[in-house]
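Written below as structure tokens is the structure these notes are about.
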Amino acid sequence: MVDPDNQLNSPFFSRNSTPFSAESDYTLLSPEAVSAFRKIIWQYYEANRREMAWRDTTDPYAIFVSEVMLQQTQVARVRAKYPEFMAAFPDFASLAAAPLEKVLRVWQGMGYNRRAKMLRDAAVMVMEEFGGCLPKTPEELVTLPGIGPATAASIAAFAYNAPVVFIETNIRRVFIHFFFPTEDKVHDDRIRPLVRQTLDWINPREWYYALMDYGAMAKQAVENPNRRSHGYTVQAAFDGSDRQIRGRVLRYLLDEGPSSRDAVVAACGDDAERTHKIILKMVGECLLSEESGLLRIA
DNA sequence: ATCCGGACAG
DNA sequence: CTGTCCGGAT
């Protein structure tokens, strides 16, 4: 599996040993590897724990907001926005009752604006279908809009200290770095059993904080191991992209209020036909609506 | 100029 | 399974 002459960053592979329990079984870690791995992660965490407002609480709403914000968004940006959002919408009831326009206004700068709509819609669903109480199991949580497998499991782990197994980018990076140091196109299906075997079943909440902090550090320390994950892709440039136009359209309507489509098209893009299509798509997503000739935040 | 990040629709 | 969705940092 591993070229013994390769210089490896992972401490788990040497000339004559691997962290796995059998030479032909790369799914079962040896007990020694499990405890050595845990020790590395815990020791790092003890010395380098990252402080975050949403780690100081187990309020399900606070965790829920933070996890949606953290989707596709780095910690630094969430840190800056989170207090403002929580002050504006302190609980499920206030978020559920808020007009989308108000939510998007607070959301500005976070990007991927559909998240803000789904977050508000999820709050409505919590109020109406779960009696104002966030469900506890990942199975129920994924039924909420904007909550996929990773976010559902994160919420279960952080709000309820549930020993769930999940993978997000920091976790993936740690496991690829330590256990697949020379492999390419590593599937999450190969990582998940290792996450399960190394999980701290008593304190999954702190364990996942520790894993994520280590993973965030690891992308600075070594060439990002996630480039060797199966799903890794390089994104198209932002400049000149549809995403950029969408961002402009939204900001224009927030600044100017309901406007004619022509005014928005003129202000937000060079190619009128293209901008038109983008606007129509946003209407299709119920981010915008159009009535009596005026385009507005839905 | 390049990098980073989960959900969802087609 | 593949393409789409944002913006700040570097």
Side-chain angles (χ1 to χ4, degrees), chain A residues 52 63-82 84-85 103-122 125 138 141-158 164 166-174 176 185 187-189 191-192 208 211-213 215-254 268-269 274-275 277-288:
Chain A
M52 301 175 199
I63 307 278
F64 157 83
V65 169
S66 71
E67 287 302 324
V68 172
M69 286 188 161
L70 287 161
Q71 292 168 0
Q72 301 293 285
T73 306
Q74 275 122 331
V75 167
R77 271 161 64 204
V78 177
R79 274 203 177 109
K81 182 62 68 177
Y82 178 81
E84 182 190 350
F85 193 95
V103 180
L104 285 170
R105 202 174 287 286
V106 176
W107 192 263
Q108 270 187 302
M110 290 290 291
Y112 292 134
N113 297 296
R114 287 180 304 180
R115 283 184 300 164
K117 174 176 161 47
M118 290 191 284
L119 191 61
R120 201 273 317 259
D121 293 347
M125 196 165 153
L141 287 163
V142 289
T143 67
L144 298 169
I147 308 297
T151 307
S154 313
I155 292 171
F158 298 140
V164 290
F166 71 101
I167 297 174
E168 53 73 71
T169 189
N170 293 301
I171 297 170
R172 180 179 298 115
R173 178 158 37 235
V174 174
I176 292 179
K185 305 259 184 289
H187 282 69
D188 282 356
D189 288 349
I191 297 175
R192 200 165 287 104
Y208 278 120
L211 271 180
M212 289 175 174
D213 285 0
M217 173 276 291
K219 88 176 160 215
Q220 321 283 349
V222 299
E223 156 117 345
N224 190 352
N226 282 349
R227 292 177 182 216
R228 296 186 285 105
S229 84
H230 171 66
Y232 182 79
T233 53
V234 178
Q235 290 182 5
F238 178 63
D239 209 38
S241 67
D242 285 6
R243 304 195 312 284
Q244 184 179 43
I245 310 262
R246 289 170 60 102
R248 283 190 202 141
V249 168
L250 202 73
R251 200 166 310 121
Y252 183 88
L253 289 171
L254 285 173
C268 298
R274 179 182 173 207
T275 310
K277 278 186 183 161
I278 290 171
I279 290 171
L280 284 180
K281 191 168 177 191
M282 294 174 80
V283 172
E285 293 166 4
C286 295
L287 217 42
L288 309 181

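Heavy-atom basis, side chains included; hydrogens, waters and symmetry copies ignored. Just so it is clear: chains get the letters A, B, ... in the order the sequence lines come, proteins before strands, and each one is counted from 1.
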ask   = Do K281(A) and L287(A) touch side chain to side chain, with heavy atoms closer than 4.5 Å?
value = no
ask   = Starting at the 5' end of DNA chain C and moving along, which residue's nearest nucleotide shows up first, H230(A) or E285(A)?
value = H230(A)
Those residues that, when tested against V142(A), pass side chain to side chain contact (heavy atoms under 4.5 Å, CB included) (two or more places apart) = A152(A)
task = With sequence neighbours left out, write down each residue that passes side chain to side chain contact (heavy atoms under 4.5 Å, CB included) with P145(A), or none if nothing qualifies.
result = M118(A), D121(A), A122(A), M125(A)
task = Run the numbers on K81(A) and W107(A) for side-chain contact (heavy atoms from CB on, under 4.5 Å), then give the verdict.
result = CA-CA 8 Å; K81(A) 182 62 68 177; W107(A) 192 263; 5.8 Å; no
note = Sequence neighbours excluded, the answer for side chain to side chain donor-acceptor pair (under 3.5 Å) partners of N226(A) is T169(A)
ask   = Do side-chain atoms of R77(A) reach the backbone of M110(A) as a donor and acceptor pair under 3.5 angstrom?
value = yes
inquiry  = Just to verify, what does S229(A) make a side chain to side chain donor-acceptor pair (under 3.5 Å) with, not counting sequence neighbours?
reply    = none
ask   = Can you list the residues that meet the side chain to side chain contact (heavy atoms under 4.5 Å, CB included) rule with D188(A), with sequence neighbours excluded?
value = I167(A), R172(A), I191(A), R192(A)
ask   = Among residues 239-250 of chain A, which contact DNA chain C at a heavy-atom distance under 4.0 Å?
value = D242(A), R243(A), R246(A), G247(A)
key: Non-neighbouring partners of Q244(A) that pass side chain to side chain contact (heavy atoms under 4.5 Å, CB included), sequence neighbours left out   = F238(A), D239(A), S241(A), R248(A)
task = Check whether any side-chain heavy atom of L253(A) lies under 4.5 Å from a side-chain heavy atom of L104(A), and answer yes or no.
result = no
ask   = Where along residues 71-81 of chain A does a heavy atom come under 4.0 Å from DNA chain C, residue by residue in number order?
value = Q74(A), R77(A)
DNA chain C: 5'-most and 3'-most nucleotides touching chain A, 4.0 angstrom heavy-atom criterion = dT4(C) to dG8(C)
task = Take I147(A) and M110(A), find for each the nucleotide of DNA chain B with the closest heavy atom, and name the residue whose nucleotide sits nearer the 5' end.
result = M110(A)
message = Checking T151(A) now: which residues fulfil side chain to side chain donor-acceptor pair (under 3.5 Å) with it, not counting sequence neighbours?
response = Q71(A)
query = Base, sugar-phosphate, or nothing for R172(A), non-hydrogen atoms under 4.0 angstrom?
reply = nothing
ask   = Across the strands shown, which category fits Y232(A) at heavy-atom distances under 4.0 angstrom: base, sugar-phosphate, nothing?
value = sugar-phosphate
key: Partner residues of N224(A) under the side chain to side chain donor-acceptor pair (under 3.5 Å) criterion, sequence neighbours left out   = R173(A)
ask   = Earliest and latest nucleotide of DNA chain B, 5' to 3', sitting under 4.0 Å from a non-hydrogen atom of chain A?
value = dC3(B) to dC8(B)
inquiry  = Does the plane of the ring in F166(A) sit parallel, tilted or perpendicular to the ring in Y208(A)? Use 30° and 60° as the thresholds.
reply    = tilted
